[in-house]
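Since the structure comes first, as C-alpha cells, the remarks are kept for the end.
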2 protein chains.
Amino acid sequence: MQISDTEENYIKAIFALQMQEQGEVSTNRLSGHLLNRAASVTDMLKRLSEKKLIHYEKYKGVSLSAKGYRLAVNIVRKHRLWEVFLKEKLHFKWDEVHDIAEQLEHIQSEELVSRLDKYLGYPKFDPHGDPIPDKDGLMQKNQAIALARVDRKGNYRIARVTDHSRPFLNYITELGLKIGDLVRVEEVNAYDASCKLKTADGQTIFLSQKAGTNILVEQRR
Amino acid sequence: MQISDTEENYIKAIFALQMQEQGEVSTNRLSGHLLNRAASVTDMLKRLSEKKLIHYEKYKGVSLSAKGYRLAVNIVRKHRLWEVFLKEKLHFKWDEVHDIAEQLEHIQSEELVSRLDKYLGYPKFDPHGDPIPDKDGLMQKNQAIALARVDRKGNYRIARVTDHSRPFLNYITELGLKIGDLVRVEEVNAYDASCKLKTADGQTIFLSQKAGTNILVEQRR
DNA sequence: AAAAATATTTAGACTAACCTAAATCAAGGC
DNA sequence: GCCTTGATTTAGGTTAGTCTAAATATTTTT
Ligand SMILES: [Mn+2]
Ligand SMILES: [Mn+2]
Ligand SMILES: [Mn+2]
Ligand SMILES: [Mn+2]
C-alpha cells in the first residue's frame with residue numbers, strides 16, 4: 001500500500017501525542033500539533049482509517065492500530081538513526097539535525113535503514129538521548145527523571161532532553177551541558193523547582209524550573 | 001521560492017534530454033522520458049515557465065533558463081554524491097544505488113550536501129563513472145569513448161557506463177568488469193562492432209555492439 | 001435540565017499534478 | 001498552395017491535501 005509523506009507525518013503525530021498521554025488523541029490536539037485546521041485533520045483521519053492505520057470513531061478521538069503503530073515506530077527509528085548519522089558522521093550540531101531528519105525519515109528503503117543502522121554501530125540513543133527502536137520496534141526504556149523533579153542531592157548523568165528547539169539546545173550547550181555529562185545536583189528549590197548543579201569541571205550552574213523540566217537525568221550510584 | 005519534487009524531476013529530465021542532444025526539448029520527448037501524457041507535460045511547462053526555470057514558447061519546445069540550469073546541476077550533484085555514499089560507505093552494489101538516490105536527491109539542505117561532499121572526500125565521479133558537479137556546478141569532462149567505437153587496439157581504462165539498468169549492470173559485473181579496470185582491446189569487429197577484450201587477470205571477454213555502446217573507455221598511454 | 005461554550009464534522013472551494021478527449025497548429029507530400 | 005498527419009495545446013475531469021464557514025455534537029456551566 002502507498003503511504004504518502006503527509007500521511008506518515010499524521011501517523012507520527014498521533015504516536016507522539018499518544019506517548020505524551022495515554023488514551024485517544026483528539027482532533028484538536030492533532031490540529032494544534034500539525035498546525036493544520038481541525039477540518040483538515042478530520043479529512044485525513046477518515047483516509048487513515050480507510051487504510052486501517054488508525055482506529056477512528058466520529059467525535060471519539062483516534063488511536064493507532066497495530067499496523068499504524070508499527071509504521072510510526074519505523075518512522076521514528078529512521079528519524080533518529082539519521083540524526084545520529086548527521087551528528088556522528090557529518091558533525092552537525094545537535095540543534096541542527098532535527099529539521100534535516102524530518103525530511104530523511106520519509107526515504108523508503110528497508111535495506112537502507114538496516115545498513116545505516118549497522119554503519120552507525122546499532123546506536124541505542126539519538127543525539128537528544130531519545131531511544132532508537134531496533135528493527136523489531138523494541139527500544140530501551142530509560143528511567144530518567146526531570147532535573148526539576150530530583151528529590152535527592154547527589155550525582156546524576158544527563159540522559160535526555162525533551163525540548164528539541166534551537167533556543168533551548170543552544171542555551172544548554174552554552175551552559176556547557178550535553179548528553180552523557182555527569183553532574184552533582186546540589187539543590188532543587190522546594191518553592192520554585194529551580195536547581196543548582198556542579199559540573200565535572202567544577203562549574204556551578206543555576207537552572208530555572210522551565211529548563212530543569214526539559215533535562216532528564218539518571219542517578220549514579 | 002518553493003520547488004516541489006515533481007518540478008525538480010521535470011527540470012532534471014529537461015537537463016538530461018538537453019545533454020543527449022543540443023537544442024530545444026520537445027513536449028513529446030519529455031512525455032516519453034517521464035512516462036506522463038503530453039497534456040500533463042504542457043501543464044507543467046507552463047508552471048515551470050511561470051517560475052522562470054525554463055524558456056518556453058508554445059509549440060517551440062523548451063530549454064532551461066540559467067536558474068533552471070543551476071537547479072538541475074545541483075540535483076544531479078546531490079544524486080551522484082548520494083550514490084557514492086551508498087556505494088562507498090554503506091556497501092550497496094552499483095545497481096542498487098540509483099533508485100534510493102532518486103529519493104535522496106530531493107532532500108533540501110545546502111549544508112548537508114556540502115558536508116556529505118567533504119565526508120566522501122570530494123569525489124569527482126559516481127559509481128557509474130558519471131562526473132559529479134562541484135559546489136559551483138563545474139564538472140570534469142571525461143573524454144571517454146564507447147568500446148564499440150574504439151578504432152585502435154591497445155590498453156584502455158573502463159571509465160563510465162551509460163546504461164544504468166539493473167540487467168546491464170548485473171551482466172557486466174558477472175563478466176568481471178567494473179569502473180577503473182584496465183583492459184586490452186584485442187579487436188573491434190568492423191562489421192558488427194562487437195569486440196574482444198582481455199582483462200588484467202588474463203580473461204578473454206566478448207561483447208556485443210549493444211553492450212559495447214554502453215561502456216565508455218579512456219585510452220592508456 | 002436547559003443554556004452556553006467548545007469540539008468536531010460537513011459543505012463547498014482551491015491548488016498541484018495527473019488523466020482523456022477534442023481542438024488546433026506545423027510540417028512534409030503532392 | 002492545399003491536405004494529411006503527427007505534435008501540441010486546450011478543455012474538462014479526478015484525487016490528495018489543504019482552507020473557511022456553517023452545521024452539529026459534546027461538554028461544561030448555571
Ligand atoms: Mn528529532
Ligand atoms: Mn516528517
Ligand atoms: Mn543514478
Ligand atoms: Mn528524482
Side-chain angles (χ1 to χ4, degrees), chain A residues 1-14 17-18 20-64 68 71-72 75 102-103 105-106 108, chain B residues 1-14 17-18 20-64 68 71-72 75 102-103 105-106 108:
Chain A
M1 193 200 334
Q2 272 289 80
I3 295 162
S4 72
D5 289 11
T6 308
E7 289 169 326
E8 288 196 349
N9 285 337
Y10 270 87
I11 292 298
K12 205 175 63 138
I14 296 167
L17 295 179
Q18 232 167 16
Q20 251 176 52
E21 51 190 275
Q22 295 305 345
E24 315 303 290
V25 175
S26 74
T27 302
N28 254 11
R29 241 156 52 91
L30 275 169
S31 166
H33 188 86
L34 292 161
L35 307 178
N36 282 339
R37 295 308 192 157
S40 313
V41 173
T42 300
D43 237 46
M44 178 59 92
L45 293 182
K46 284 178 192 160
R47 261 172 288 148
L48 295 176
S49 181
E50 206 60 46
K51 293 191 176 181
K52 310 281 184 204
L53 291 165
I54 60 174
H55 301 300
Y56 173 54
E57 250 190 297
K58 264 195 197 179
Y59 295 104
K60 294 259 179 80
V62 77
S63 62
L64 292 176
L71 175 59
I75 300 167
E102 204 59 34
Q103 299 178 62
E105 73 190 4
H106 301 291
Q108 305 286 358
Chain B
M1 194 198 336
Q2 273 286 81
I3 294 161
S4 71
D5 289 10
T6 308
E7 288 169 326
E8 287 197 349
N9 285 336
Y10 270 86
I11 292 298
K12 205 174 64 138
I14 296 166
L17 295 178
Q18 232 167 14
Q20 251 174 51
E21 52 190 275
Q22 295 304 346
E24 317 300 291
V25 175
S26 75
T27 302
N28 255 10
R29 247 164 40 97
L30 274 169
S31 165
H33 188 86
L34 292 162
L35 307 176
N36 282 339
R37 296 307 192 161
S40 312
V41 173
T42 301
D43 236 44
M44 179 60 92
L45 293 182
K46 285 180 193 160
R47 261 173 288 147
L48 295 176
S49 182
E50 205 59 46
K51 293 190 176 185
K52 310 280 185 206
L53 291 165
I54 60 175
H55 299 301
Y56 173 55
E57 250 190 297
K58 266 195 196 180
Y59 296 104
K60 294 257 179 82
V62 77
S63 63
L64 292 176
L71 176 59
I75 300 167
E102 204 59 35
Q103 298 179 62
E105 74 190 2
H106 301 291
Q108 305 286 358

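Computed from heavy atoms alone, side chains included, the values below leave out hydrogens, waters and symmetry copies. Keep in mind the model is a prediction, meaning the values are calculated, not measured. Each chain gets a letter, A, B and so on, in the order its sequence line appears, and its residues count up from 1.
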Counted 5' to 3', the first and last nucleotides of DNA chain D within 4.0 Å (strictly under) of a heavy-atom of chain B are D:dA7 to D:dT10

Note: contacts of residues 23-36 of chain A with DNA chain C (heavy atom, under 4.0 Å) are A:S26, A:T27, A:N28

Here the residues of residues 47-62 of chain B within 4.0 Å heavy-atom distance, strictly under, of DNA chain C are B:R47, B:Y59

Flag side-chain contact, heavy atom, 4.5 Å: [X] against [Y]:
{"X": "A:V62", "Y": "A:L30", "value": "yes"}
{"X": "B:I3", "Y": "B:L53", "value": "yes"}
{"X": "A:E102", "Y": "A:K12", "value": "yes"}

Considering residues at least two apart in sequence or located in another chain, which fulfil the salt bridge (charged side-chain N to carboxylate O under 4.0 Å, His left out) criterion with [X]?
{"X": "B:E7", "answer": "B:K51"}
{"X": "A:E8", "answer": "none"}
{"X": "B:E24", "answer": "none"}
{"X": "A:E21", "answer": "A:R29"}

Could you list the donor-acceptor pairs under 3.5 angstrom formed by side chains in residues 31-50 of chain B, with sequence neighbours left out?
| unit_1 | atom_1 | unit_2 | atom_2 | d |
| --- | --- | --- | --- | --- |
| B:S31 | OG | B:N36 | O | 2.6 |
| B:N36 | ND2 | B:Y10 | OH | 3.0 |
| B:T42 | OG1 | B:A38 | O | 3.2 |

Closest non-hydrogen contact found for B:E105 with B:N9 is OE2-OD1, 3.5 Å

Between B:I11 and B:G68, the two heavy atoms sitting closest are CG2-O, 3.5 Å

Residues passing the side-chain hydrogen bond (donor to acceptor under 3.5 Å, both in side chains) test with B:Q18, sequence neighbours excluded, are none

In this structure, NZ of B:K60 is separated from NZ of B:K58 (nearest 0.5 Å) by 11.5 Å

Residues in residues 37-45 of chain A with a heavy atom under 4.0 Å of DNA chain D, by number, are A:R37, A:A39, A:S40, A:D43, A:M44

